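See structure below.
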There are 2 protein chains.
Amino acid sequence: MSNIRDVAKVAGVSIATVSRALSAPETVSKASLKKVHDAIEQVQYKPNMLARNFRRHRAFNIVVLVPNMANTFFATVVRGIEDVAQQHGYGVLLGDTRDVLQREEEYLKLVETSQADGVIQLRPHWEGNSILPRDNIVAVSACGCENTPYPCVRIDNAEASKTATEYLISLGHKRIGVITGLADNPHTIDRLKGYRDAISEAGIEYNDMMIAEGEFTMWSGLNAARHFIRMPADERPTAILSMNDEMAIGAIKAFRANKIDVPNDVSIIGFDDIEVSRYTEPALTTIAQPAEQIGKAAANMLLKLIEGKEVRQTDYVLPFEFVVRASSTPVK
Amino acid sequence: MSNIRDVAKVAGVSIATVSRALSAPETVSKASLKKVHDAIEQVQYKPNMLARNFRRHRAFNIVVLVPNMANTFFATVVRGIEDVAQQHGYGVLLGDTRDVLQREEEYLKLVETSQADGVIQLRPHWEGNSILPRDNIVAVSACGCENTPYPCVRIDNAEASKTATEYLISLGHKRIGVITGLADNPHTIDRLKGYRDAISEAGIEYNDMMIAEGEFTMWSGLNAARHFIRMPADERPTAILSMNDEMAIGAIKAFRANKIDVPNDVSIIGFDDIEVSRYTEPALTTIAQPAEQIGKAAANMLLKLIEGKEVRQTDYVLPFEFVVRASSTPVK
DNA sequence: CTGAAAGCGCTAACAC
DNA sequence: GTGTTAGCGCTTTCAG
């Protein structure tokens with residue numbers, strides 16, 4: 001492996017000139033520049049970024065903490081992050097944490113030991129169950145919640161589920177069920193708030209029996225739906241708001257298996273708008289999050305923070321979109 | 001940020017002893033070890049891995065080239081890779097290439113410039129359309145094909161699609177359609193070979209009209225299915241083998257939209273067994289690839305290669321599993 | 001078992 | 001515009 005010194009020798013200039021030709025070409029004469037480039041070609045020089053980064057005290061890497069990489073929504077956010085990072089010369093280190101705090105801790109060490117310059121957290125900030133924010137760690141929350149105590153890019157979750165609930169109410173539904181995430185998950189809390197606001201404004205009383213807890217997986221959605229299936233038909237919700245599309249897909253499966261028709265016996269609304277939601281039977285009415293945009297915005301924010309630039313909005317709220325498909329229909 | 005020198009000073013030993021205490025504790029006396037650890041605690045020392053890696057000429061990172069991170073199957077493979085990498089102290093740099101060769105090239109630079117020690121390629125080796133193998137680049141192919149000219153972890157694609165085809169034949173199907181990937185994609189070629197072998201052994205003549213080209217996305221599967229939908233019912237295949245689950249899901253959507261029942265009018269078999277395939281209507285018969293295992297095996301192989309250890313099998317073939325669900329049924 | 005010292009390849013003052 | 005030089009924080013001979 002050739003180094004900057006070899007290039008300097010062949011080009012007949014000093015190593016400083018080579019260095020400058022590479023990182024600040026405008027400060028070098030045209031003649032030297034050419035000599036350097038020819039020499040680089042000749043000795044097949046590839047800069048050792050490990051050395052450069054070490055010298056600059058920067059890793060030019062960011063780490064992204066993902067609860068579950070196999071979740072399409074998260075994967076799409078990561079795509080957005082990666083796109084922006086790559087454009088700015090940063091690498092993306094994957095931290096699939098499987099929702100284990102201990103694993104988040106492991107990955108944070110990458111930042112503490114200078115192997116990464118900052119971190120994007122995809123798990124929402126959770127009081128008493130979070131490793132961020134942390135001194136000396138530059139971090140941004142993506143797809144998080146209100147009141148995150150560090151910079152954050154997100155949608156208005158409460159407003160989104162309120163919108164969906166209001167739509168169901170406008171369709172004549174009065175018994176509206178919810179499939180939530182874990183009870184203390186911040187997304188569950190924010191989204192439940194929107195639901196409660198909407199039914200309360202419509203004069204519908206809140207009823208515990210309308211709530212079934214899942215954990216954002218298809219399997220847990222299927223399970224949660226059983227809670228409703230066990231109810232007498234005249235008490236069962238005529239519509240269900242699921243806090244993500246995966247659980248909605250699981251729920252549809254459960255209802256079909258019990259000869260409860262979607263949407264004729266029960267309407268279902270999802271959350272996220274992952275790609276497969278267009279293809280389910282029936283196609284899923286859902287709240288579309290701009291996943292890739294969220295990722296891009298979060299990455300841009302983090303890079304600014306890392307590079308010491310000013311960040312105007314530290315709670316950046318992107319618009320969601322409510323997408324009506326076939327899984328929701330007026331109450332019979 | 002404190003460094004090894006601060007620790008040495010506080011501990012009253014030399015920097016060499018501190019270094020040894022950290023990377024080869026067994027060569028240091030118990031007494032020194034304790035002094036060093038106390039000092040580390042006291043000055044809040046975090047090793048600068050950038051410096052260590054630079055010195056060692058190793059990045060302790062690998063890069064993974066993924067055509068599409070939002071594809072569940074790939075994401076699951078990456079999970080496996082990441083799990084093994086993390087256990088061995090390596091980071092995983094994400095390279096979502098969006099199937100663009102130019103982007104693969106960008107990410108390979110990470111290896112050439114010492115920011116990563118090796119690469120795992122998830123796109124199958126494609127003659128005349130591949131940047132690997134390459135001198136001085138340690139690489140492993142995951143989920144690839146036969147005859148990959150560098151180390152490879154995969155299933156037997158031809159055998160898998162042969163198994164599926166034989167199953168359809170055993171159900172009495174004679175007109176068996178295929179939804180392929182792009183015609184020159186190596187997966188398409190291998191899997192088509194298995195199909196042709198199976199029908200030929202059963203005395204069924206190969207017929208071009210039974211082949212529809214997709215590109216491994218739901219949308220392209222839906223589109224490809226239209227080719228069959230346009231055919232008169234008595235010429236239309238009674239069963240279809242789709243080269244991945246996504247396209248099968250798209251195809252089911254297209255058939256339903258045209259009142260062609262799955263599986264009663266047409267059986268459908270997918271490939272990969274992604275999670276959602278259990279939840280589609282009907283649930284998908286499919287060839288299950290051990291995605292996470294493939295990722296783990298590929299990572300183990302790459303790490304051995306990086307560390308100069310011997311690798312016995314450079315073409316490691318894992319077993320697939322044929323999973324029968326509701327989307328396939330005997331011909332009527 | 002320990003310490004002194006020589007760099008790894010590069011950047012960034014500083015002087016010319 | 002260019003060259004000289006002093007490190008960045010660590011590992012690793014080599015002596016002792």
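Below, chain A is the first sequence line, B the second, and so on; all start at residue 1. On a predicted model such as this, the values are computed, not experimentally measured, just so you know. Just so you know, these numbers use all the heavy atoms, side chains as well, and skip hydrogens, waters and symmetry mates.
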Sugar-phosphate, base or nothing in reach of Ser29(B), heavy atoms under 4.0 Å: sugar-phosphate
Value in whole Å for how far the P atom of dG9(C) lies from CD of Gln115(B): 16 Å
Separation of atom CZ in Arg56(A) from atom P in dG9(C), rounded to whole Å: 18 Å
Can you run down the ring pair (Phe, Tyr, Trp, His ring centres under 6.0 Å) pairs that involve [range], sequence neighbours left out, and say none if there aren't any?
{"range": "residues 19-55 of chain B", "value": "Phe54(A)-Phe54(B)"}
{"range": "residues 10-36 of chain A", "value": "none"}
{"range": "residues 67-110 of chain A", "value": "Phe60(A)-Tyr90(A)"}

Residues in side chain to side chain contact (heavy atoms under 4.5 Å, CB included) contact with Pro319(A), at least two apart in sequence or another chain: none
Qualifying side-chain hydrogen bond (donor to acceptor under 3.5 Å, both in side chains) pairs, either residue in residues 15-25 of chain A, two or more places apart: Ser14(A)-Thr17(A)
Pairs touching residues 136-153 of chain B that satisfy side-chain hydrogen bond (donor to acceptor under 3.5 Å, both in side chains), sequence neighbours left out: none
Test item: [X] side-chain N/O and [Y] main-chain N/O as donor-acceptor pair under 3.5 Å:
{"X": "Asp117(B)", "Y": "His57(B)", "value": "no"}
{"X": "Asn3(B)", "Y": "Asp6(B)", "value": "yes"}
{"X": "Arg79(A)", "Y": "Glu292(A)", "value": "no"}

Nucleic acid contacts of residues 4-18 of chain A, taken as heavy-atom distances under 4.0 Å to DNA chain D: Val13(A), Ser14(A), Ile15(A), Ala16(A), Thr17(A)
Near-strand residues of residues 37-50 of chain B, defined as heavy-atom separation under 4.0 angstrom from DNA chain D: Tyr45(B), Pro47(B), Asn48(B)
Interface limits on DNA chain D, where chain B has a heavy atom under 4.0 Å of a nucleotide atom: dG9(D) to dT13(D)
Asp190(A): partners by salt bridge (charged side-chain N to carboxylate O under 4.0 Å, His left out), with sequence neighbours left out: none
At a cut-off of 3.5 Å, list every protein nitrogen or oxygen paired with a nitrogen or oxygen from nucleotides 14-16 of chain C, distance to 0.1 Å.
none

Side-chain touch Val317(A)/Arg154(A), heavy atoms, less than 4.5 angstrom: yes
Pair Asp38(B)-Lys34(B), salt bridge (charged side-chain N to carboxylate O under 4.0 Å, His left out): steps then yes or no: CA-CA 6 Å; Asp38(B) 290 351; Lys34(B) 181 169 169 21; 2.7 Å; yes
Donor + acceptor pair across side chains of Gln115(A), Thr113(A) (<3.5 Å): yes
Sole residue of Arg98(B), Glu106(B), Glu104(B), Glu105(B) in side-chain hydrogen bond (donor to acceptor under 3.5 Å, both in side chains) with Gln102(B): Glu106(B)
Net bend of the helix from dC1(C)-dG16(D) to dC16(C)-dG1(D), end axes of five pairs each, nearest 10 degrees: 30°
